[in-house]
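Heads up: the structure comes next, in structure tokens.
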Amino acid sequence: NAGVTQTPKFQVLKTGQSMTLQCAQDMNHNSMYWYRQDPGMGLRLIYYSASEGTTDKGEVPNGYNVSRLNKREFSLRLESAAPSQTSVYFCASSEGGGTEAFFGQGTRLTVV
Amino acid sequence: GQSLEQPSEVTAVEGAIVQINCTYQTSGFYGLSWYQQHDGGAPTFLSYNALDGLEETGRFSSFLSRSDSYGYLLLQELQMKDSASYFCAVGTGRRALTFGSGTRLQVQP
């Protein structure tokens with residue numbers, strides 16, 4: 001049982017480049033989330049999806065876009081990467097808001 | 001918007017009991033949960049309270065008072081492996097899950 005799978009695990013981008021972070025869950029969860037975590041900081045919500053076909057902005061959505069491709073997959077796109085987007089990105093899923101959330105392993109992104 | 005407050009650091013000795021508090025301000029409350037994160041790892045779920053009262057899971061317990069917008073995580077019989085960051089999180093309107101800034105627990109021999 002894979003749980004939540006994120007790809008890639010590591011990525012280095014140049015300023016201005018674009019990339020998509022992929023996330024898939026196999027637990028049939030309705031809700032999926034993207035967070036970023038900066039060193040020594042908490043998890044800040046970028047975007048979330050309460051169900052297939054819906055997405056909502058979180059605390060720090062600027063510079064990002066998301067797609068809930070189907071119930072399993074929720075991708076995060078950086079259209080024009082900036083050094084301020086250097087961070088660890090976590091995808092998570094849960095049955096509903098506030099209940100047990102399962103996290104992927106994280107993507108360590110560096111923008112130079 | 002949503003905000004959660006928890007202490008930034010706590011230090012305790014092996015075998016002791018430690019309590020990590022969390023106060024929150026939010027709309028559309030759907031429960032308070034707790035997560036553990038070791039350095040370099042992903043957060044892992046510890047406990048969830050939807051209703052007032054105490055939930056016990058082994059050495060860990062979590063408490064919620066919705067009228068006070070307050071909860072805590074209680075860790076008993078501390079072990080060195082409990083050294084980690086602990087986050088409270090609230091489920092809010094439209095099913096968002098918002099995290100506090102985390103409490104770094106250091107367990108000393």
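Only heavy atoms go into these numbers, but all of them, side chains included; no hydrogens, no water, no symmetry mates. All chains are named by letter (A, B, ...) in the order of the sequence lines, taking the proteins before the strands, and each is independently numbered beginning at 1. Bear in mind the structure is a predicted one, so any value in this text is a computation, not a measurement.
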Could you look at [X] and say if it's the side chain, the backbone, both or neither that has a heavy atom under 4.5 Å from chain B?
X       : answer
L45(A)  : side chain
R108(A) : side chain
Q37(A)  : side chain

So does [X] have more than 12 non-hydrogen atoms from other groups sitting under 6.0 Å from [atom1]?
X       : atom1 : result
R104(B) : CZ    : no
Q79(B)  : CD    : yes
Q105(A) : CD    : no
E5(B)   : CD    : no

Any idea which heavy atoms bring G104(A) and A42(B) closest together, and the distance?
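Looking at all heavy atoms of both residues, the shortest contact is O-CB, 3.2 Å.
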On a heavy-atom basis, which atom in F90(A) and which in P43(B) lie closest, and how many Å separate them?
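Answer, listing the atom of F90(A) first, then P43(B): CE2-CD, 4.0 Å.
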Working to the nearest 0.5 Å, report the span between [atom1] of [X] and [atom2] of [Y].
X       : Y       : atom1 : atom2 : result
M41(A)  : S101(B) : CE    : OG    : 7.5 Å
Y35(B)  : F103(A) : OH    : CZ    : 6.0 Å
E100(A) : F45(B)  : CD    : CZ    : 4.5 Å
S94(A)  : L97(B)  : OG    : CG    : 6.5 Å

Co-members of L69(A) in a cluster of I, L, V, M, F, W and Y side chains, linked at under 4.5 Å
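Same cluster as L69(A): nobody, lone residue.
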Ring centres of Y35(A) and F99(B) under 6.0 Å apart?
yes
If you group Ile, Leu, Val, Met, Phe, Trp and Tyr by side-chain heavy-atom gaps below 4.5 Å, do L4(B) and L46(B) land in one group?
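L4(B) and L46(B): one cluster.
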Report whether L21(A) and L43(A) are members of the same hydrophobic cluster (ILVMFWY, side-chain heavy atoms less than 4.5 Å apart, transitive linking).
no
